[in-house]
Q: 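First, the structure itself, so that you have it in front of you.
Computed from a prediction, not measured in an experiment: that's the story for all the values here. Counting starts at 1 for both ligands and their atoms, following the listed order.
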Amino acid sequence: MTRLDVLALSGSLRRGSLNTALLREAERLVPHLRFDHYDGLGALPHFNEDQEHPAPLAVTDLRRRVRDADAVLIATPEYNASIPGALKNGLDWLSRPAGDDGPALALKPVAVVGASPGPFGTVRAQLALRQVLHKMNAHVVQQPEFLLFQAHQQFGEDGRLPDGSPAQRLLSDVLDALARLAAPGARRHETAAAVR
Ligand code: FNR
């Protein structure tokens with residue numbers, strides 16, 4: 001199977017994050033995907049059009065890591081029925097072209113997952129995130145959807161989802177779908193060149 005490089009982006013900044021745990025679980029599940037865990041969201045400056053040129057170093061690093069990846073896996077918490085501000089800020093930086101290059105996420109295969117201790121499993125945050133990614137012209141995995149509700153009860157003390165659990169199987173299915181979308185030669189519908 002083709003080895004693919006995946007940038008894993010957690011929308012949570014906190015150490016004990018359920019969403020970051022989800023990304024660690026994803027890495028363990030699928031050995032043929034190489035994970036780069038991005039943890040710099042909290043260090044990005046607030047997006048400011050006056051500070052785009054030259055781009056801050058932290059932004060350049062994020063853009064490079066997105067470009068170097070074959071695919072991106074985003075795990076989003078739900079804050080007030082939407083995505084956390086830090087994640088939206090990172091996406092706003094990524095939506096802007098850098099030099100002659102278009103926006104780093106445009107045409108990039110992306111999968112969205114999310115975990116919440118609540119009963120809705122980030123469904124509203126994922127809808128909001130999909131809307132943003134649609135505007136950015138990313139290639140987002142549509143099915144299956146992965147929503148982990150009551151997530152604090154689903155991870156074992158080892159920080160893992162139980163082997164063979166429905167949640168683990170579904171996560172594995174999402175990763176398979178992402179790998180298919182990112183595989184060399186996969187047919188992706190290429191639309192508008194630049195998103196501003
Ligand atoms: C939350 N939380 C939350 N949960 C949810 O399911 N729907 C929501 O709208 C909200 N809103 C919300 C707002 C704010 C400001 C905070 C801090 C929290 C709870 C949230 O799901 C919980 O803290 C998760 O554990 C956050 O994800 P991480 O950090 O564990 O990945």
Q: Would one find an N or O of Thr20, backbone or side chain, under 3.5 Å from an N or O of ligand 1?
A: no
Q: I'd like to know whether ligand 1 has His152 as a neighbour, heavy-atom separation below 4.0 Å.
A: no
Q: Could you tell me whether Asp39 atom CG has more than 12 heavy atoms of other residues or ligands within 6.0 Å of it?
A: no
Q: Could you pull out all residues at least two apart from His37 that satisfy ring pair (Phe, Tyr, Trp, His ring centres under 6.0 Å)?
A: Phe35
Q: For ligand 1, which is the ligand I care about here, please tell me if Arg14 has any N or O atom under 3.5 Å from one of the ligand's N or O atoms.
A: yes
Q: What residues, two or more places apart in sequence or in another chain, satisfy side-chain contact (heavy atoms from CB on, under 4.5 Å) together with Leu41?
A: Leu9, Leu13, Tyr38, Leu44, Leu87
Q: For Ala81, counting its heavy atoms only, list the atoms of ligand 1 lying under 4.0 Å from any of them.
A: 8 (C), 9 (O)
Q: Within ligand 1, which atoms have a heavy atom of Arg124 less than 4.0 Å away?
A: 7 (N), 9 (O)
Q: Have a look at Pro77, Ala75, Pro117 and point out the one with the heavy atom closest to atom 21 (O) of ligand 1.
A: Pro117
Q: Is any side-chain heavy atom of Leu161 less than 4.5 Å from a side-chain heavy atom of Leu148?
A: yes
Q: Is it the side chain, the backbone, both or neither of Ser12 that has a heavy atom closer than 4.0 Å to ligand 1?
A: side chain
Q: Report, in ascending order of atom number, the atoms of ligand 1 lying under 4.0 Å from any heavy atom of Ser116.
A: 4 (N), 5 (C), 6 (O), 21 (O)
Q: Below a 4.0 angstrom heavy-atom separation, can you tell me which part of Glu78, side chain or backbone, both or neither, approaches ligand 1?
A: both
Q: What is the closest protein heavy atom to atom 17 (C) of ligand 1, and at what distance does it sit?
A: Tyr79 CE1, 3.9 Å
Q: Would one find an N or O of Gly118, backbone or side chain, under 3.5 Å from an N or O of ligand 1?
A: no
Q: Which heavy-atom pair separates Pro56 from Pro45 by the least distance, and what is that distance?
A: CG-CG, 3.7 Å
Q: By the definition side chain to side chain contact (heavy atoms under 4.5 Å, CB included), identify the one residue from Asp36, Leu73, Val110, Asp70 that meets it with Leu7.
A: Asp36
Q: Between Ala115 and Ala151, what is the shortest heavy-atom contact and its length?
A: CB-CB, 3.7 Å
Q: Can you tell me the protein heavy atom closest to atom 11 (N) of ligand 1 and the distance?
A: Asn80 N, 2.8 Å
Q: Ignoring hydrogens, tell whether any protein atom lies closer than 4.0 Å to atom 23 (O) of ligand 1; use the non-hydrogen atoms only.
A: no
Q: Please give me the minimum heavy-atom distance between Arg63 and Pro97, naming the atom from each residue.
A: NH2-O, 4.4 Å
Q: Output the list of atoms in ligand 1 that are nearer than 4.0 Å to some heavy atom of Asn19, sorted by atom number.
A: 27 (O), 28 (P), 31 (O)
Q: Measuring from atom CG of Leu171 to atom CD of Glu25, what distance do you get when rounded to the nearest 0.5 angstrom?
A: 6.5 Å
